[in-house]
Amino acid sequence: METPVDAPIKLNGLSLGGPGSGKGTQCANIVQHFSYTHLSAGDLLRAEIRSGSEVGSMIQSMISEGRIVPSEITVKLLCKAMEESGNDKFIIDGFPRNEENRIIFENVAKIKPAFVLFFDCPEEELERRIMNRNQGREDDNLETIKKRFKVFVESTLPIVSYYESKGKLRKINAAKPSQEVFEEVKYVFASET
């Protein structure tokens, strides 16, 4: 599988954290302050679901079951979004979610992050946030949230450890109020770019 990305891409960072940790909120702040394109793997997957395509139906089924969508599908959606963005600077949140995602993304897209923001937050706080955010997302229910936490611990925390071993992890205390978290993000992001 070849990458659909033809232009040189500068991927400064990835944003990882449990569901409800504020990844999307902080990435939106980064876009506003640093002019990067924010790509959310989850948003791209949900857009594909809304498209009504066969792939979208398969994605819907997997998300409803709390499972991770196959890496090839997510990488293809990310690469397409990067190519269509008109920008060459990106921060991707919610991806990679497991080792297979990481390997396929790095090998197919030929992109490695300069750093990885890890939004660290206790599970109880994550659950409280998700149950209170009321975004109307189908996966924001207690049963699916529990499955998502389990997947995060089993599949994504090893990715966090991988990037830590490579010296790329920047841990952010995400249990604080959003603006305080962003002050920490700005410091890390400014020193890395």
Side-chain angles (χ1 to χ4, degrees), residues 1 3 5 8-27 29-31 34 36-45 66-79 81-82 88-127 129 145-176 180-193:
M1 179 177 169
T3 175
V5 177
I9 300 294
K10 179 179 180 182
L11 175 62
N12 273 60
L14 299 174
S15 170
L16 298 175
S21 62
K23 299 177 300 291
T25 298
Q26 297 306 326
C27 284
N29 290 334
I30 289 168
V31 168
F34 298 102
Y36 276 67
T37 295
H38 166 220
L39 297 174
S40 162
D43 288 350
L44 292 171
L45 292 169
R67 297 185 310 164
I68 293 177
V69 174
S71 301
E72 294 83 2
I73 291 171
T74 308
V75 168
K76 183 177 178 181
L77 293 172
L78 285 166
C79 288
M82 286 188 280
D88 66 348
K89 304 179 296 184
F90 301 91
I91 186 151
I92 298 174
D93 87 71
F95 192 85
R97 301 222 8 232
N98 61 31
E99 183 66 9
E100 179 195 19
N101 284 172
R102 183 193 65 77
I103 290 169
I104 289 176
F105 186 69
E106 290 181 1
N107 291 337
V108 171
K110 307 284 189 241
I111 301 169
K112 294 183 181 180
F115 64 93
V116 176
L117 297 174
F118 173 55
F119 294 97
D120 193 21
C121 194
E123 184 174 326
E124 298 77 26
E125 175 64 11
L126 297 175
E127 183 178 316
R129 288 178 181 180
I145 289 167
K146 294 287 186 192
K147 290 178 187 176
R148 290 169 63 199
F149 287 147
K150 185 175 188 289
V151 169
F152 173 73
V153 169
E154 293 173 355
S155 300
T156 307
L157 283 183
I159 297 303
V160 169
S161 296
Y162 169 81
Y163 286 120
E164 186 171 36
S165 76
K166 298 295 183 189
K168 294 185 177 205
L169 192 73
R170 308 299 180 261
K171 190 182 277 191
I172 305 289
N173 177 356
K176 299 183 290 187
E180 288 180 37
V181 173
F182 188 56
E183 289 305 314
E184 203 173 327
V185 169
K186 283 195 300 190
Y187 176 79
V188 170
F189 198 86
S191 68
E192 296 291 340
T193 56

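Just so you know, residue 1 is the first one in the sequence shown, and it goes up from there.
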### Message
Which residues pass the side chain to side chain donor-acceptor pair (under 3.5 Å) test with Glu154, not counting sequence neighbours?
### Response
Lys150

### Task
With sequence neighbours left out, write down each residue that passes side chain to side chain donor-acceptor pair (under 3.5 Å) with Glu99, or none if nothing qualifies.
Arg102

### Task
Provide the closest heavy-atom pair for Ala174 versus Cys121 in the form atom of the first, atom of the second, distance.
O-SG, 3.9 Å

### Query
Yes or no on side-chain contact (heavy atoms from CB on, under 4.5 Å) for Glu72 and Ile104, after CA distance, side-chain angles and deciding distance?
CA-CA 7 Å; Glu72 294 83 2; Ile104 289 176; 3.3 Å; yes

### Task
Kindly compute the distance separating OG (Ser21) from CG (Leu117), expressed to the nearest 0.5 Å.
10.5 Å

### Message
Do Val116 and Arg170 have side chains that approach each other closer than 4.5 Å (heavy atoms only, starting at C-beta)?
### Response
no

### Summary
Ala41 and Thr74 have their tightest heavy-atom pair at CB-CG2, 3.9 Å

#### Entry: Sub-4.5 Å side-chain heavy-atom contact between Phe34 and Asn29
no

### Query
In this structure, are over 12 heavy atoms from other groups packed under 6.0 Å from Lys147 atom NZ?
yes

### Message
Salt bridge check, Lys176 against Glu184: does any charged N sit closer than 4.0 Å to a carboxylate O?
### Response
yes

### Message
On a heavy-atom basis, which atom in Pro19 and which in Arg148 lie closest, and how many Å separate them?
### Response
CB-NH2, 3.2 Å

#### Entry: Sequence-distant partners of Phe118, ring pair (Phe, Tyr, Trp, His ring centres under 6.0 Å), two or more places apart
none

### Query
Got a second to check how far Leu78's CG is from Ser71's OG, nearest 0.5 Å?
10.5 Å

### Rounded distance (nearest 0.5 Å) linking atom OH of Tyr36 with atom CG of Asp88
8.5 Å

### Task
Verify, without hydrogens or angle tests, whether Lys186 (side chain) and Glu183 (backbone) share a donor-acceptor contact under 3.5 angstrom.
no

### Message
I'd like to check the side chain to side chain donor-acceptor pair (under 3.5 Å) partners of Glu164; sequence neighbours left out, ordered by chain and number.
### Response
none

### Task
Would you check if Cys79 and Lys76 make a side-chain contact, meaning some heavy-atom pair closer than 4.5 Å?
no

### Query
side chain to side chain donor-acceptor pair (under 3.5 Å) with Lys166: which residues, sequence neighbours excluded?
none

### Summary
In short, side-chain hydrogen bond (donor to acceptor under 3.5 Å, both in side chains) pairs touching residues 113-126 with sequence neighbours left out are Glu125-Arg128, Glu125-Arg129

#### Entry: Flag, side chain of Lys23 to backbone of Gly18, donor-acceptor distance under 3.5 Å
yes

### Query
Do the side chains of Val181 and Asn173 get nearer than 4.5 Å, heavy atoms only?
no

#### Entry: Heavy-atom side-chain proximity of Ile91 to Leu39 below 4.5 angstrom
no

### Message
Distance check, rounded to the nearest 0.5 Å: Phe152 atom CZ versus Leu126 atom CG?
### Response
7.5 Å

### Query
Going through the distances and angles, do Val75 and Phe95 end up as a side-chain contact (heavy atoms from CB on, under 4.5 Å)?
CA-CA 9 Å; Val75 168; Phe95 192 85; 3.7 Å; yes

### Query
Looking only at heavy atoms, what is the nearest atom pair of His38 and Val31, with distance?
CB-CG2, 3.3 Å

### Query
Roughly how far apart are Asp93 CG and Phe119 CZ, rounded to 0.5 Å?
8.5 Å

### Task
Check for a donor-acceptor pair, side chain of Thr156 on one end and backbone N or O of Asn98 on the other, with a separation under 3.5 Å.
no

#### Entry: Distance in Å, Ile30 CD1 paired with Thr25 OG1, rounded so as to fall on 0.5 Å steps
11.0 Å

### Query
Can you tell if the side chain of Pro113 reaches within under 4.5 Å of the side chain of Phe105, non-hydrogen atoms only?
no

### Query
Tell me, do Leu14 and Tyr163 make a side-chain contact under 4.5 Å, heavy atoms counted?
yes

